[in-house]
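So that the names make sense, note that chain A is the first sequence line, chain B the second, and so on, each numbered from 1.
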Protein chains: 2
Amino acid sequence: MSSQEWSAPRRRNPRGQGQVLKAQLVDAAAKLLATLDQPETLTLRQVAREVGVAPASIYSHFPDLSALIQHVLRLRYEELARLMDEAARPAASPLADLVARCAAYVRWGVDQRGHYRTLFGGRMPADLVPGTAHGAGAELLGAVVASLAAATTGERERRTADQQWQAGLMLWTALHGLVSLYNDHGTIPWPPLDGLITDLLSLHTGRPAAEVEALLPQGEVASGPAAGLRGT
Amino acid sequence: MSSQEWSAPRRRNPRGQGQVLKAQLVDAAAKLLATLDQPETLTLRQVAREVGVAPASIYSHFPDLSALIQHVLRLRYEELARLMDEAARPAASPLADLVARCAAYVRWGVDQRGHYRTLFGGRMPADLVPGTAHGAGAELLGAVVASLAAATTGERERRTADQQWQAGLMLWTALHGLVSLYNDHGTIPWPPLDGLITDLLSLHTGRPAAEVEALLPQGEVASGPAAGLRGT
DNA sequence: TGACTTAAGTGAACAACTGTTGGTTATCGG
DNA sequence: CCGATAACCAACAGTTGTTCACTTAAGTCA
């Protein structure tokens with residue numbers, strides 16, 4: 001299963017190319033974090049084994065294990081944030097923006113379930129997780145709140161800032177709960193994910209499900225939940 | 001911090017009272033599971049230390065560490081199930097039943113945050129978690145689905161069984177997301193929990209918030225999120 | 001070509017942990 | 001005093017993160 005097993009004694013990198021190993025270490029750590037049943041038990045020696053290098057060699061590139069993990073988490077966090085922003089960019093309306101953002105969030109969460117739980121599962125020691133202010137997702141939450149407020153403005157009576165905040169918070173909790181349970185309880189008979197996303201957003205925006213569905217970007221997740229972890 | 005520290009060399013239990021230690025072990029394991037930052041790293045020796053007993057002594061009462069943990073988890077699961085049933089018992093209407101059930105779930109989840117994540121956080125090896133069929137919460141989910149269906153029957157057009165299932169699932173994911181994030185991200189400025197429960201149920205049942213709030217049993221959770229873990 | 005420098009990566013050891021076992025002791029009840 | 005119960009002691013083989021002195025080899029320059 002391990003991609004290295006016993007290929008070769010690993011030829012050493014040429015002179016100026018010490019950074020190559022660093023990249024390999026990051027890749028290996030990311031793969032293991034995503035793959036392991038218990039990501040928080042990731043081991044320095046596991047990473048070394050995966051790359052085919054001596055445990056001590058890691059210390060030339062990272063001060064300690066925490067730094068390596070932190071590096072990986074930051075990359076993943078930025079990846080998700082970028083994905084959500086890009087999904088929302090071509091949005092023609094506030095509602096379209098919200099739908100695209102949330103869909104991107106959920107899809108990334110179930111597509112990269114291993115990474116999702118290392119970021120949002122509350123499993124990693126808090127000081128390793130990016131999204132500094134309020135723990136993972138501080139900025140993401142802010143974006144969702146703003147997007148939801150924009151999408152529901154003009155609807156019904158205007159809301160206070162507190163109400164907007166609470167509504168955004170509830171939407172995020174709903175999204176997180178959906179992703180978490182979808183990933184962790186694969187044996188439950190789950191309906192198609194896109195239907196859940198549609199209904200969830202319809203519920204939280206008060207718009208008809210059909211309207212939301214029309215705005216949902218293409219791209220149902222390939223397979224059902226817990227169908228094995230996909231690579232990096 | 002540890003409740004035992006160094007009180008006494010622990011007098012041995014009298015003749016027929018070997019079960020006393022067993023109970024102490026269960027209590028200690030429960031406390032540690034709830035208290036530890038990483039419950040899944042619970043150690044046989046930690047339990048032994050907590051009780052003030054030699055590691056080997058545990059094997060007289062449990063075949064191995066897994067069995068001890070499994071025992072604790074089953075107890076907690078039964079506690080939650082009982083709590084929800086009892087909360088729903090005096091319900092005068094299907095909606096009251098649903099509200100009481102869900103409120104009990106959320107309140108237990110934030111009151112016993114340590115236990116909640118060992119049960120539903122997907123942290124423990126799956127074979128240790130009770131709620132056999134679909135992982136933790138299979139029965140609980142069934143009750144919620146039924147309760148929601150009863151509460152919303154007669155409303156609007158009748159729903160198919162599939163729609164009822166999906167609606168119940170979405171409600172559960174919302175509850176779970178709320179509890180998880182409330183527990184894990186204590187630094188976020190959370191609104192009062194009862195308000196969130198009210199709005200969440202109002203959203204999922206289509207009933208006015210005021211109607212739901214009137215049915216909400218007394219008993220706001222004492223303090224905010226992450227205000228230290230409370231004991232067993 | 002051959003010596004020199006230095007980046008890249010090792011090997012072995014460390015102390016501290018872990019679950020588990022087999023044999024042993026202390027103590028209580030009769 | 002005897003036997004059974006309750007619990008312990010010491011050791012095991014296996015982990016882990018981290019350090020330090022060391023080797024190997026690639027590139028440079030005479």
Side-chain angles (χ1 to χ4, degrees), chain A residues 2 4 6-29 32-33 36-72 123-125 127-128, chain B residues 2 4 6-29 32-33 36-72 123-125 127-128:
Chain A
S2 183
Q4 200 75 4
W6 262 123
S7 56
R10 177 192 156 80
R11 283 206 64 68
R12 174 232 235 31
N13 283 312
R15 194 80 181 246
Q17 305 302 314
Q19 302 304 317
V20 172
L21 175 55
K22 180 166 187 172
Q24 284 181 288
L25 290 172
V26 171
D27 284 354
L32 288 172
L33 280 178
L36 285 174
D37 272 333
Q38 315 245 49
E40 64 278 8
T41 67
L42 176 68
T43 269
L44 198 160
R45 297 176 113 100
Q46 283 179 333
V47 178
R49 249 174 269 141
E50 176 78 18
V51 179
V53 90
S57 307
I58 295 184
Y59 289 88
S60 331
H61 298 279
F62 297 94
D64 58 4
L65 175 60
S66 304
L68 173 52
I69 294 179
Q70 215 167 345
H71 188 86
V72 172
R123 312 175 72 122
M124 291 308 183
D127 52 318
L128 299 184
Chain B
S2 181
Q4 198 77 4
W6 263 124
S7 57
R10 178 193 157 78
R11 284 207 63 69
R12 172 234 237 28
N13 285 313
R15 194 75 181 251
Q17 305 303 315
Q19 303 304 318
V20 171
L21 175 56
K22 179 165 187 173
Q24 283 180 291
L25 290 172
V26 171
D27 284 355
L32 288 172
L33 279 178
L36 283 175
D37 271 334
Q38 315 244 47
E40 64 279 6
T41 67
L42 175 68
T43 268
L44 198 158
R45 296 176 112 100
Q46 284 178 341
V47 178
R49 248 174 270 140
E50 176 79 18
V51 178
V53 89
S57 307
I58 295 184
Y59 289 90
S60 329
H61 298 279
F62 296 94
D64 58 5
L65 176 60
S66 303
L68 172 53
I69 294 179
Q70 215 167 346
H71 189 85
V72 172
R123 312 175 73 123
M124 289 309 185
D127 53 318
L128 298 184

Review point. How large an angle, rounded to 10°, do the end axes of the helix from C:dT1-D:dA30 to C:dG30-D:dC1 enclose when each is built from five base pairs?
Key: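 Taking five pairs per end, the axes differ by 10°.
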
Establish, with yes or no, whether the OP1 or OP2 oxygen of [N] is under 4.0 angstrom from a side-chain nitrogen or oxygen of [X].
X	N	value
B:Ser60	D:dA7	no
A:Arg49	D:dT16	yes
B:Arg45	D:dT15	no

For the residue pair [X] and [Y], establish whether any side-chain heavy-atom pair is separated by less than 4.5 Å.
X	Y	answer
A:Val53	A:Gln24	no
B:Leu44	B:Phe62	no
A:Val47	A:Glu50	no

Measuring from the side chain of [X] (C-beta onward, heavy atoms only), which nucleotide among [options] has the closest atom?
X	options	answer
B:Pro55	C:dT20, C:dT18, D:dT18	C:dT20
A:Ala54	D:dA7, C:dG19, C:dT10	C:dT10
A:Leu44	D:dT18, C:dG11, C:dG22	D:dT18
B:Tyr59	D:dG17, D:dC8, C:dT21	C:dT21

Exercise for review: Strictly below 4.0 Å, heavy-atom distances to any atom of DNA chain D: list the hits from residues 64-71 of chain A, or just say none.
Suggested key: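 By residue number: A:Asp64, A:Leu65.
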
Practice item. Give B:Thr43 one of three labels, base, sugar-phosphate or nothing, depending on what nucleic acid heavy atoms sit under 4.0 Å from its own. Key: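 If one applies the 4.0 Å heavy-atom cut-off, B:Thr43 turns out to touch the sugar-phosphate alone, with no base involved.
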
Protein-nucleotides 25-28 of chain D N/O pairs closer than 3.5 Å?
unit_1 : atom_1 : unit_2  : atom_2 : d
D:dA26 : OP1    : A:Arg11 : NH2    : 3.0
D:dA26 : N3     : A:Arg15 : NH1    : 2.6

Check your understanding: Taking atom C1' of D:dC8 as reference, at what distance in whole Å does atom CG of B:Leu21 sit?
Key ->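 Between C1' of D:dC8 and CG of B:Leu21: 12 Å.
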
Exercise for review: Enter the distance from B:Gln38:CD to A:Met124:CE here, rounded to the nearest 0.5 Å.
Suggested key: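 That separation rounds to 8.0 Å.
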
